[in-house]
Number of protein chains: 2
Amino acid sequence: MSDLPRFVSLREVGPREGFQFERGPIPTDRKVALVDALSETGLRYVQVTNFAHPRWIPQMADAEEVAARFERKPGVSYDAIYLNERGLERAVATGKFDLRGRLALTATDTFSKRNTNKTIAETIAALPQQIAAYERLDVPLEGVSLMAAFGCNYEGDVPLARVLELLAVGIDTLAEHGYAAQWLQIADSMGWANPLQIKRLVGSVRERWPERRLILHLHDTRGTGLANVFAALVMGVDTLDTAVGGLGGCPFAGHRDAAGNVCTEDIVFMCHEMGIETGVDLDALIAAARLAEEVVGHPLPGKVMKGGSLSRYRRPA
Amino acid sequence: MSDLPRFVSLREVGPREGFQFERGPIPTDRKVALVDALSETGLRYVQVTNFAHPRWIPQMADAEEVAARFERKPGVSYDAIYLNERGLERAVATGKFDLRGRLALTATDTFSKRNTNKTIAETIAALPQQIAAYERLDVPLEGVSLMAAFGCNYEGDVPLARVLELLAVGIDTLAEHGYAAQWLQIADSMGWANPLQIKRLVGSVRERWPERRLILHLHDTRGTGLANVFAALVMGVDTLDTAVGGLGGCPFAGHRDAAGNVCTEDIVFMCHEMGIETGVDLDALIAAARLAEEVVGHPLPGKVMKGGSLSRYRRPA
């Protein structure tokens, strides 16, 4: 049990992942209110919006306006997502983000096509252009991200060997251009992972690249989300993408009404109960989760915001 | 990872735990329909009802009628719950159950009082009467159960030493009367457990009583349910109380709108994905979970019934 990390960094992706999945329009000021509330919880990273073309994700048409209006809090890192060079340009142009470049790959052709309109081979062929864009826009290049790494609704199981191979392509391409991959972000984009698979994949990646930081991006589509998180923590993973209230889901994943990302406050609760620090004020985060529910106008799957934290039951020591 | 069990036995408690928590009346024939549907899923154990006094749990006033009307399927074990000798008598009188006696203890005085109207000391003093009742009614005495073993909404954290002490009282009392405790059922009645606590408690219990079967009864009040299940599986636990759809909750636990028991089909999904057998047909169980949602008339927290199993996405090998 000593292999559990002492501190876990949570990267809050709710405002981006959550809102892009919502059907009805959400007023810009409500999006901004949630980002500002999250800034006050002790979270050190908030992913604010997605600079996708409004034709693909209409909910994100106000990305520039959200960027202009949220308030940067010192000590918090603000990020945004983009699916192509034009999106990156737009994100940079706002001047509001602490952008860190990553080479983005996907583990299956079909999901890659749907998300980025390129096959895996086409994506690999275009990596030098990804690098050139970051250089041109003066965004530091730091990592490699891999989507659909645990399974795909279009292509089924994803072999571990392919995950390692694609991560190697990203790492090697960065190296050829003079960059070190400081972190590897591995995403279970469609909620396929189970805890044993997490252990195997994380074990293999850490064995091969022990010096890189691993970021897991997990969804709770089939209820195994926190079990997967626990399995990752046991393997020493200390950085996770999570979403307040369990907001999220992927508009291209081919299923509806399924649960979104693993829930930030449920993970904060679990970590704190196990003696792992997160730097987050759980009660403030629960308040933000309730605000997120109000903003989207329907119940969210997060549980600790309904069950309540345990602090009120504990007697003073 | 070789310490994961090859087969996990799931004890379905949804019809009992789930319905007792519901506010509105549920027609008897709908309860019977769910029990009968569960009998066809491959589950080998179904807890059908609770013979509590209707003054305490009005939802269970039709316990005799449910018992009379559900259909026993060969190979499935049917059980019922009772909070006192009168309840046990009523369960026995129906002739429909495979009752197995257990000495019931609770780890905190307040929760014990609320559930059974007795303090811990009063419960211990009355254990010989519990035994006499089972003997008089010819119900085999097999186990010890301990509620509120992981924490209590009224008294806070529960020391591990107290859990071990109370289990020892139950085991020793059975031994004094010539019975062996074949199993120990340990309940996180109010959803306090975290995976590390599960590992510690299960480890301590197994170290002290390696030959007894452990049954964990877990709630998912704060989202850690499946993480706790995974931690238990890693410790070799192979018997779990679970509820279809995540039905459940405890009427005496002092919180409302909180999630119920750990969800049967989500656990079946996680086990199968990890290569652990359960004997359960996941698709049939998902259909039963949808029926459970219809019966209670509101969404249930189970996730795999919304996200869907993965079988339809996998290509034939």
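Proteins get letters first, then strands, A, B, ... in listed order; numbering begins at 1 in each. No experiment lies behind these values; they were computed from the predicted model shown.
Interface check for chain B: of the options A:Asp266, A:Leu226, A:Leu310, the most heavy-atom pairs under 4.5 Å are formed by A:Leu310. Comparing B:Met274, B:Met270, B:Gln197 by heavy-atom pairs within less than 4.5 Å of chain A, the highest count is held by B:Met274.
For the atom pair CD of B:Glu265 and CG of B:Asp283, the computed distance is 11.5 Å after rounding to the nearest 0.5 Å.
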### Query
side chain to side chain contact (heavy atoms under 4.5 Å, CB included) between B:Arg206 and B:Leu214: does it pass, once the steps are laid out?
CA-CA 8 Å; B:Arg206 284 168 63 99; B:Leu214 260 186; 4.0 Å; yes
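Closest approach of B:Asn261 and B:Gly248 over heavy atoms only: OD1-CA, 3.8 Å.
Residue A:Ala193: no heavy atom, backbone or side chain, is found under 4.5 Å from chain B.
A donor-acceptor contact closer than 3.5 angstrom links the side chains of B:Ser311 and B:Ser309.
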